[in-house]
Number of protein chains: 2
Amino acid sequence: MEAQVAEESKAKRRAALTRESILEAALRLCSPEGGGQLSFSRLGKELGADPTAVYRHFRDKDELILALTDLTIQEGVQLARAALPDGPSDDWRAWLTVTARSVRNAYLARPAVAVLAAARTTASPAETSSVEELISVLHRAGLPVIEAAECYRQLLDLTLAMTQYTAAFCSLDPATQAKDDAAWAVKYGMLQERDFPLLHASAARLTELFRNDEEVFELILATFLDGIAVRIERARGVRESAD
Amino acid sequence: MEAQVAEESKAKRRAALTRESILEAALRLCSPEGGGQLSFSRLGKELGADPTAVYRHFRDKDELILALTDLTIQEGVQLARAALPDGPSDDWRAWLTVTARSVRNAYLARPAVAVLAAARTTASPAETSSVEELISVLHRAGLPVIEAAECYRQLLDLTLAMTQYTAAFCSLDPATQAKDDAAWAVKYGMLQERDFPLLHASAARLTELFRNDEEVFELILATFLDGIAVRIERARGVRESAD
DNA sequence: GGCCCGTGTCAATGCCATTGACATCGCCAT
DNA sequence: ATGGCGATGTCAATGGCATTGACACGGGCC
């Protein structure tokens with residue numbers, strides 16, 4: 001009898017539950033293909049185990065989510081590393097662009113993590129050296145250390161906030177998404193030229209942007225980096241005049 | 001008997017439920033003082049009525065939330081109007097700054113709305129003329145209409161995303177907030193100068209920024225607007241060379 | 001061999017949104 | 001006036017969710 005039960009268990013789940021296997025399953029559920037919804041019951045089903053078994057490995061859902069964001073950040077860092085040169089670089093703009101996109105893509109691969117993580121942060125050591133490098137790139141470009149650090153924080157908060165914003169929309173059920181999209185299209189279509197000439201003239205472009213969070217993100221990133229360029233020039237000016 | 005029941009009802013709630021009275025109560029609950037949590041049971045208690053009575057006025061929670069965001073946007077527009085001159089202005093930077101801050105403050109007065117609204121949009125007519133004006137200001141500054149519209153969208157998405165980011169953190173229970181804060185302080189305190197010289201040098205500033213979302217927002221906004229300035233200069237350059 | 005701890009199961013609790021069956025009340029048409 | 005109908009409010013129930021405590025098993029350590 002026990003043997004049979006053991007057999008069944010084996011059939012249902014590959015091995016005993018571990019932190020790793022649970023995190024894997026959770027990531028699967030958080031991905032768009034996995035349904036993008038994380039709950040203990042779903043997680044239990046995915047693992048072929050009782051939902052509450054997860055509590056033996058994570059104190060509560062918050063701890064689970066923190067671990068998931070940690071993994072996601074790690075993947076972001078890894079993506080960035082793969083796309084960036086090893087040594088220091090003078091192309092600060094490319095560096096920041098790649099970093100922002102990597103973090104964003106890591107989160108967008110599992111929108112539910114982004115949504116659940118909300119504004120939580122893990123202070124994980126995974127990113128520390130990446131941050132140091134990023135600040136170093138900005139410093140080499142001409143920013144004082146403190147201002148370089150400020151710019152790092154700006155870039156990261158900007159990226160995280162924009163990414164959660166997109167992820168939240170992705171996590172809505174398709175019907176709601178469609179309704180929202182439609183609302184905008186209708187609204188811009190109805191604007192009278194005599195009342196709102198400028199909106200009327202740009203209606204097509206605006207509805208296009210509403211369907212396309214990626215393009216909006218790229219635009220914002222580009223504008224933001226133009227702003228960073230201004231800061232760098234300013235800092236260089238100050239330094240030269242001090243010489 | 002009926003008279004007595006009527007008396008009791010009157011004592012509990014001021015008048016019959018209306019869309020307006022429900023929205024007021026909901027806004028009260030969404031504010032930080034009101035607990036910052038919106039649920040039908042809380043709403044029922046606040047109204048002195050059965051929680052499910054609300055369903056007679058709103059189809060479901062989503063419709064309620066959409067109405068709340070609509071009100072919030074209206075207040076944002078109103079705040080902006082109060083702080084902006086009536087006629088057209090040449091100070092595009094001040095205009096955009098005031099607009100962004102107004103929207104942000106309207107949402108932060110009721111963080112729960114920001115969190116629940118997620119990336120939902122209402123396409124309400126309340127903001128239309130404000131948007132037209134904003135685009136007009138950018139157009140007068142020298143941007144082609146389409147690009148001015150793009151900049152409007154960038155500013156709004158940036159502001160909304162950053163605001164939800166902050167609101168999400170505000171809506172966490174204080175214990176969790178404290179834990180997150182502490183995590184960062186500890187992390188930056190532990191960094192060795194020899195391993196991470198730049199982070200070590202800017203640790204104080206970075207921990208300061210973590211406690212202060214408003215300052216980060218202002219920094220990002222300033223950088224972003226510097227980027228817009230670049231766009232405007234570029235556009236002016238093109239126009240002049242075309243003359 | 002006995003004991004304990006790590007792990008998994010099960011049943012129960014309490015919050016949540018939502019629904020359907022009823023009650024009530026005022027208004028309109030007969 | 002009255003009969004009924006629609007708008008509004010109440011109540012009980014459902015199903016999903018996170019979380020907890022009591023119990024069961026099994027392997028390693030004494």
Side-chain angles (χ1 to χ4, degrees), chain A residues 1-22 25-26 29-30 35-68 112 115-116 118 120 171-173 175-176, chain B residues 1-22 25-26 29-30 35-68 112 115-116 118 120 171-173 175-176:
Chain A
M1 179 94 82
E2 293 98 347
Q4 191 191 341
V5 170
E7 283 306 312
E8 278 179 27
S9 296
K10 244 181 246 170
K12 271 194 201 162
R13 87 183 96 95
R14 328 186 187 288
L17 258 41
T18 64
R19 255 183 108 87
E20 287 70 36
S21 68
I22 292 174
L29 290 180
C30 286
Q37 301 263 0
L38 183 65
S39 77
F40 278 86
S41 42
R42 289 169 121 86
L43 194 46
K45 221 169 282 172
E46 178 77 17
L47 289 161
D50 190 278
T52 62
V54 177
Y55 282 94
R56 300 290 172 199
H57 302 267
F58 296 90
R59 196 164 45 75
D60 55 13
K61 197 175 183 184
D62 199 57
E63 190 182 318
L64 177 61
I65 289 166
L66 251 40
L68 289 172
V115 172
L116 292 170
R120 305 301 312 279
S171 299
L172 296 173
D173 61 315
T176 313
Chain B
M1 179 95 82
E2 293 96 348
Q4 190 191 343
V5 170
E7 282 305 311
E8 277 179 28
S9 295
K10 243 181 243 169
K12 271 192 199 163
R13 85 183 95 98
R14 330 189 186 286
L17 258 43
T18 64
R19 255 183 108 89
E20 287 71 36
S21 67
I22 292 174
L29 290 179
C30 286
Q37 300 263 1
L38 183 64
S39 77
F40 278 86
S41 42
R42 288 167 120 87
L43 194 46
K45 220 169 284 174
E46 178 78 15
L47 289 161
D50 191 279
T52 62
V54 178
Y55 282 93
R56 299 291 171 198
H57 302 268
F58 296 91
R59 199 165 43 76
D60 55 12
K61 199 175 182 184
D62 199 57
E63 191 183 318
L64 177 61
I65 288 166
L66 250 41
L68 289 173
V115 172
L116 292 170
R120 304 302 311 278
S171 299
L172 297 173
D173 61 314
T176 313

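Letters go in sequence order (proteins before strands), and every chain restarts at 1. Remember, predicted model here, so these are calculated numbers, not experimental data.
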Indicate whether OP1 or OP2 belonging to dC17(D) is found under 4.0 Å from a side-chain N or O atom of Ser41(A). yes
Measure from CG on Leu64(A) to P on dC17(D) and round the result to the nearest Å. 15 Å
Just verifying a value: how many Å separate Asp50(B) CG and Phe40(B) CZ, rounded to the nearest 0.5 Å? 11.5 Å
Can you tell me the distance, in whole Å, between the CZ atom of Arg19(B) and the P atom of dT8(D)? 11 Å
Starting at atom CZ of Phe58(A), determine the distance to atom C1' of dG6(C), rounded to an integer number of angstrom. 16 Å
Spacing between Leu17(B) atom CG and dA7(D) atom C1', to the nearest angstrom: 13 Å
Whole-Å distance between dG20(C) C1' and Arg59(B) CZ? 17 Å
So what does Thr52(B) touch, heavy atoms closer than 4.0 Å: a base, only the sugar-phosphate, or nothing? base
Answer yes or no: does atom NZ of Lys45(A) have more than 12 heavy-atom neighbours from other residues, nucleotides or ligands under 6.0 Å? no
Return the nearest nucleotide to the side chain of Phe40(A); candidates are dG9(D), dC17(D), dT19(D). dT19(D)
Among dT19(D), dT18(C), dT9(C), which is the nearest nucleotide to the side chain of Tyr55(A)? dT19(D)
Any donor and acceptor pair, going by atom type alone, linking the side chain of Lys61(A) with main-chain N or O of Leu38(A) inside 3.5 Å? yes
Quick one: Lys45(B) NZ to dA17(C) P, roughly how many Å, whole number? 12 Å
Answer yes or no: does a side-chain N or O of His57(A) lie under 4.0 Å from OP1 or OP2 of dG6(C)? no
Want to settle it: does Pro51(B) or Leu38(A) sit nearer the 5' end of DNA chain D, counting the closest nucleotide to each? Pro51(B)
Please report the distance, rounded to the nearest Å, between CZ in Arg56(A) and C1' in dT19(D). 12 Å
Side chains of His57(A) and Leu17(A) in contact at under 4.5 Å (non-hydrogen atoms): yes
Mind checking Arg42(B) for me? I need base, sugar-phosphate or nothing, with any heavy atom below 4.0 Å counting as a touch. sugar-phosphate
Taking the side chain from Asp60(A) and the backbone from Glu63(A), do they hold a donor-acceptor pair closer than 3.5 Å? yes
Among the nucleotides dC17(D), dT19(D), dT10(D), whichever has the atom closest to the side chain of Asp60(A) is dT19(D)
Protein-nucleotide distance (Gln37(B), atom CD; dC15(C), atom C1'), rounded to Å: 11 Å
